[in-house]
Amino acid sequence: MKNKILFISHDANRAGAQVQLLRLLTLLKEKTTIPFEILLKYDGVLRPEFEQLAPTYLWQQQEVKSSGLLKKIYRKITHKPLITRLQEKHFNIIISNTLTNGSLLFELKSLDCPIISYVHELGHHLEMYTNESELQKTLQLTDFYMVCANI
């Protein structure tokens, strides 16, 4: 059976990590026959470009302003069908394009496949775009890491 990959981007905004992921996915589509699909945690202007490459899902349809119990109920109602659809896809691996996807990785652990986190962020970016709880979830759920390096 051929590997099937779920790539996750924290959003579809025009920024470094997202553009880099688009380039990688474009090469993957052009040069291989590896099947993949894309999950965007949040929407953005690059979504049509992701959609041209592979089936693309949007995790956050809209931001819920409330907190606590109401937000948890909303998440369960809206994400249950998407989780079920993703489970039916039988992915072999998840590649998350950031360290800031901790809560999303927690929701996706039911897909029961290894998680690779691609680390782009430096310390000051982590402080700006995530919190300790999110980062700890990512670290606990990640099986392998890919990192940028100057060799």
Side-chain angles (χ1 to χ4, degrees), residues 1-15 17-121 126 129-147:
M1 180 178 168
K2 194 174 270 196
N3 287 331
K4 190 170 189 179
I5 304 170
L6 177 64
F7 285 93
I8 303 172
S9 181
H10 55 293
D11 63 38
N13 291 321
R14 192 172 305 281
Q18 299 87 323
V19 170
Q20 181 275 334
L21 180 60
L22 272 172
R23 288 180 184 154
L24 173 66
L25 296 178
T26 299
L27 282 173
L28 194 63
K29 184 171 183 168
E30 290 174 358
K31 305 287 185 189
T32 75
T33 59
I34 298 170
F36 64 89
E37 298 187 15
I38 303 160
L39 176 62
L40 303 172
K41 186 174 180 182
Y42 297 106
D43 205 355
V45 297
L46 294 177
R47 181 166 41 132
E49 294 180 49
F50 282 107
E51 291 173 333
Q52 287 178 354
L53 294 171
T56 302
Y57 308 95
L58 185 58
W59 185 257
Q60 293 288 348
Q61 298 297 327
Q62 65 184 43
E63 191 62 31
V64 176
K65 301 293 184 208
S66 67
S67 60
L69 183 60
L70 184 59
K71 192 170 190 173
K72 287 180 184 177
I73 291 170
Y74 173 81
R75 228 183 276 144
K76 289 215 184 278
I77 291 169
T78 58
H79 293 143
K80 180 80 168 159
L82 179 54
I83 287 288
T84 302
R85 282 189 290 158
L86 293 173
Q87 287 170 336
E88 292 168 354
K89 300 287 184 167
H90 302 289
F91 292 104
N92 301 95
I93 195 160
I94 295 171
I95 299 179
S96 176
N97 198 38
T98 177
L99 286 177
T100 66
N101 281 336
S103 61
L104 180 54
L105 295 177
F106 182 79
E107 297 285 339
L108 295 174
K109 69 181 182 178
S110 65
L111 299 183
D112 196 31
C113 59
I115 296 171
I116 297 175
S117 288
Y118 189 12
V119 181
H120 301 273
E121 299 88 356
L126 287 174
Y129 297 112
T130 194
N131 59 49
E132 185 65 28
S133 174
E134 288 288 308
L135 181 58
Q136 286 305 313
K137 285 178 188 171
T138 299
L139 295 175
Q140 290 168 357
L141 295 168
T142 297
D143 297 291
F144 303 98
Y145 296 91
M146 293 188 304
V147 297

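Heavy-atom basis, side chains included; hydrogens, waters and symmetry copies ignored. The chain is numbered in sequence order, starting from 1.
- Atom CD of residue Gln136 and atom OG1 of residue Thr138 lie 9.0 Å apart, to the nearest 0.5 angstrom.
- Lys89 contributes no side-chain N or O that, together with a main-chain N or O of Lys4, makes up a donor-acceptor pair within less than 3.5 Å.
- With rounding to the nearest 0.5 angstrom, the CG atom of Leu21 is 4.5 Å from the CG atom of Asn97.
- With Ser9 contributing its side chain and Gln18 its backbone, the two residues share no donor-acceptor pair below 3.5 Å.
- In this structure, Leu99 and Ser117 approach most closely via the heavy-atom pair CD2-CB, 4.2 Å.
- Summarising the geometry of Phe36 relative to Leu25, their closest heavy-atom pair is CZ-O, 3.7 Å, with the distance given to 0.1 Å.
- Classification of Glu107 and Lys41 as a salt-bridged pair fails, no side-chain N sitting under 4.0 Å from a carboxylate O.
- With a 6.0 Å radius and a threshold of 12 heavy atoms from other residues, nucleotides or ligands, Phe144 has its CZ atom at or below the threshold.
- When every heavy atom of His10 is checked against every heavy atom of Ala17, the shortest pair comes out as CE1-CB, 4.4 Å.
- Pairing each heavy atom of Ser103 with each of Glu134, the nearest pair is N-OE1, 2.9 Å.
- Rounding to the nearest 0.5 Å places OG1 of Thr26 at 4.5 Å from CG of Leu53.
- The CD1 atom of Ile93 lies 8.5 Å from the CG atom of Asp143; values are rounded to the nearest 0.5 Å.
- From Leu6, atom CG reaches atom CD1 of Ile38 across 9.0 Å, with rounding to the nearest 0.5 Å.
- Note that the CD1 atom of Ile94 and the CG atom of Asn101 stand 10.5 Å from one another [nearest 0.5 Å].
- Using modelled atom types, one finds no donor on one side chain facing an acceptor on the other under 3.5 Å when comparing Thr56 with Glu51.
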